[in-house]
Student: 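The structure is given below, and queries will be raised subsequently.
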Amino acid sequence: MNEKVLFSDKEISNNLDKLAIELDIYISNLPKEERNKVIFIGLLSGCIHFVSDLTRKIKSDHKLAFIKASSYLNNKRGDLTIDMNIKSIDGHHVIILDDICDTGITLNSVVNKLSEGSPLSIKTCVLVNKILPNKQHKPDYKVFDVDDVFIYGYGLDYNEYKRNLKDIRIKIG
Ligand code: IMP
Ligand code: MG
């Protein structure tokens with residue numbers, strides 16, 4: 001397979017340093033009594049390396065949880081189900097972390113679902129945002145923008161493989 005590295009591990013790490021500073025500033029600007037009521041929620045499986053590397057760069061105190069959000073049934077998009085007790089986000093500022101925002105359908109559904117609880121706020125943060133018209137959701141924070149191309153590595157899968165790559169790649173040719 002001919003491929004090229006789109007974002008190197010060094011570039012990812014440097015950009016995560018900047019994002020961690022941005023998120024620390026966001027948290028430090030919350031009302032004082034709410035600053036320790038922050039929960040990051042990663043969407044499995046693509047978020048794994050992003051969450052692990054990013055949260056270890058964040059200095060502010062926070063909780064960390066993961067959910068598996070599935071909106072596909074027999075390859076058709078169905079209602080979103082999440083394996084989380086929504087009550088656990090009550091009274092918290094939620095920051096959802098995902099690998100990529102493509103059409104935005106997943107993040108839009110997850111935000112709607114979590115809004116059924118009583119969080120103080122919900123923000124979304126992705127490693128990669130695809131530039132597309134008519135997105136159903138635009139993330140509040142993003143590390144990289146890409147055109148409408150298929151990418152893999154650093155958590156993003158290519159038919160369930162390649163999540164272990166240290167960098168993000170694109171097929172060429
Ligand atoms: P959505 O279209 O924004 O709902 O994206 C749904 C999911 O599709 C993402 O969370 C990824 O798991 C997957 N996905 C979308 N684009 C790519 C890609 O370029 N590479 C790997 N996975 C992708
Ligand atoms: Mg995903």
Student: Following the transitive rule for hydrophobic clusters with a side-chain heavy-atom cut-off under 4.5 Å over Ile, Leu, Val, Met, Phe, Trp and Tyr, establish whether Ile48 and Leu64 coincide in one cluster.
Tutor: yes
Student: Within this structure, what is the SG-CG distance for the pair Cys101 and Asp145, rounded to the nearest 0.5 Å?
Tutor: 10.0 Å
Student: On a heavy-atom basis, which atom in Val51 and which in Leu97 lie closest, and how many Å separate them?
Tutor: CG2-CD1, 3.7 Å
Student: So, does Arg169 use its side chain to make a donor-acceptor pair with the main chain of Lys4 at under 3.5 Å?
Tutor: no
Student: Report the distance from atom CG of Leu165 to atom CG of Asp157, rounding to the nearest 0.5 Å.
Tutor: 11.0 Å
Student: If only atom types and distance count, is the side chain of Asp24 paired as donor or acceptor with the main-chain N or O of Ser60 below 3.5 Å?
Tutor: yes
Student: So do the side chains of Lys123 and Val94 get within less than 4.5 Å of each other, counting heavy atoms only?
Tutor: no
Student: Can you measure from CG (Leu114) to CD1 (Ile41) and round to the nearest 0.5 angstrom?
Tutor: 5.0 Å
Student: Do you know which two heavy atoms are closest between Cys125 and Phe50, and how far apart they sit?
Tutor: O-CE2, 3.8 Å
Student: Would you say that Val143 contacts Val126 through its side chain, given a criterion of any heavy-atom pair below 4.5 Å between the two side chains?
Tutor: no
Student: For the residue pair His93 and Ser121, what are the closest heavy atoms and their distance?
Tutor: ND1-OG, 2.6 Å
Student: Please check if any side-chain donor atom of His62 sits under 3.5 Å from a side-chain acceptor atom of Thr55, or the reverse.
Tutor: no
Student: Report, as yes or no, whether the 6.0 Å neighbourhood of atom NZ on Lys162 holds more than 12 heavy atoms from other residues, nucleotides or ligands.
Tutor: no
Student: Report whether Phe144 and Val5 are members of the same hydrophobic cluster (ILVMFWY, side-chain heavy atoms less than 4.5 Å apart, transitive linking).
Tutor: no
Student: Under the side-chain hydrogen bond (donor to acceptor under 3.5 Å, both in side chains) definition, can you give me all pairs with a residue in residues 82-92, not counting sequence neighbours?
Tutor: Lys63-His92
Student: Is it true that a side-chain atom of Ser115 and a backbone atom of Val111 form a donor plus acceptor pair closer than 3.5 Å?
Tutor: yes
Student: Could you check whether any side-chain heavy atom of Asp148 comes within less than 4.5 Å of a side-chain heavy atom of Ile131, counting everything from C-beta outward?
Tutor: no
Student: Taking His49 for the side chain and Arg163 for the main chain, is one N or O donor matched with an acceptor at less than 3.5 Å?
Tutor: yes
Student: Is it the case that Tyr154 and Asp53 place a side-chain donor and acceptor less than 3.5 Å from each other?
Tutor: yes
Student: Working to the nearest 0.5 angstrom, can you tell me the gap between Ile105 CD1 and His137 NE2?
Tutor: 13.0 Å
Student: For Ile25, is there any backbone N or O sitting under 3.5 Å from a side-chain donor or acceptor partner on Ser28?
Tutor: yes
Student: Between Leu23 and Leu54, is there a side-chain heavy-atom distance shorter than 4.5 Å?
Tutor: yes
Student: Could you go step by step and tell me if Asn129 and Lys135 meet the side chain to side chain donor-acceptor pair (under 3.5 Å) rule?
Tutor: CA-CA 10 Å; Asn129 178 54; Lys135 283 172 82 85; 3.1 Å; yes
Student: Show, in sequence, the C-alpha distance, side-chain angles and deciding distance for Ile100 and Lys130, and conclude whether the side chain to side chain contact (heavy atoms under 4.5 Å, CB included) test is met.
Tutor: CA-CA 7 Å; Ile100 188 162; Lys130 279 197 191 173; 3.6 Å; yes
Student: Report yes or no: does Asn15 contribute a side-chain atom to a donor-acceptor pair with the main-chain N or O of Glu11 at less than 3.5 Å?
Tutor: yes
Student: To the nearest 0.5 Å, what is the distance between CG (Leu43) and CG (Asp99)?
Tutor: 8.0 Å
Student: List the steps, then state whether side chain to side chain donor-acceptor pair (under 3.5 Å) holds for Ser45 with Lys68.
Tutor: CA-CA 7 Å; Ser45 303; Lys68 185 89 193 165; 3.3 Å; yes
Student: Taking a hydrophobic cluster as the set of Ile, Leu, Val, Met, Phe, Trp and Tyr residues connected by side-chain heavy atoms closer than 4.5 Å, whether directly or through intermediates, do Leu120 and Val38 fall within one such cluster?
Tutor: no
Student: Would you mind reporting whether Leu6 and Val146 have side-chain heavy atoms less than 4.5 Å apart?
Tutor: yes
Student: Is Leu19 linked to Phe40 within one hydrophobic cluster, defined over Ile, Leu, Val, Met, Phe, Trp and Tyr using a side-chain heavy-atom separation of less than 4.5 Å?
Tutor: yes
Student: Would Phe150 and Tyr158 count as a ring-ring contact (aromatic ring centres under 6.0 Å, His included) if you check the C-alpha gap in whole Å, the side-chain angles of each, and the deciding distance to 0.1 Å?
Tutor: CA-CA 9 Å; Phe150 187 81; Tyr158 189 140; 5.7 Å; yes
Student: First locate atom CD1 of Ile89, then atom CD1 of Ile122, and finally report the distance between them rounded to the nearest 0.5 Å.
Tutor: 5.5 Å
Student: Could you see if Ile27 belongs to whatever hydrophobic cluster contains Ile21? Use Ile, Leu, Val, Met, Phe, Trp, Tyr and a side-chain cutoff under 4.5 Å.
Tutor: no
Student: With the threshold set at 4.0 Å, does a side-chain nitrogen-carboxylate oxygen contact exist between Lys57 and Asp17?
Tutor: yes
Student: Just so I know, are the side chains of Tyr161 and Tyr152 near enough to count as touching, which here means a heavy-atom distance under 4.5 Å?
Tutor: no
Student: Can you check whether Gln136 reaches Thr103 side chain to side chain, under 4.5 Å on heavy atoms?
Tutor: no
Student: Do any N or O atoms from the side chain of Asp140 and from the backbone of Thr124 form a donor-acceptor pair under 3.5 angstrom?
Tutor: yes
Student: Do Lys166 and Ser8 have a side chain donor and acceptor closer than 3.5 Å?
Tutor: no
Student: Is a donor on one side and an acceptor on the other found under 3.5 Å between the side chain of Lys171 and the backbone of Ile151?
Tutor: no
Student: The test is side chain to side chain contact (heavy atoms under 4.5 Å, CB included); show your working for Val128 and Ile168 and say whether it passes.
Tutor: CA-CA 10 Å; Val128 182; Ile168 295 177; 4.1 Å; yes
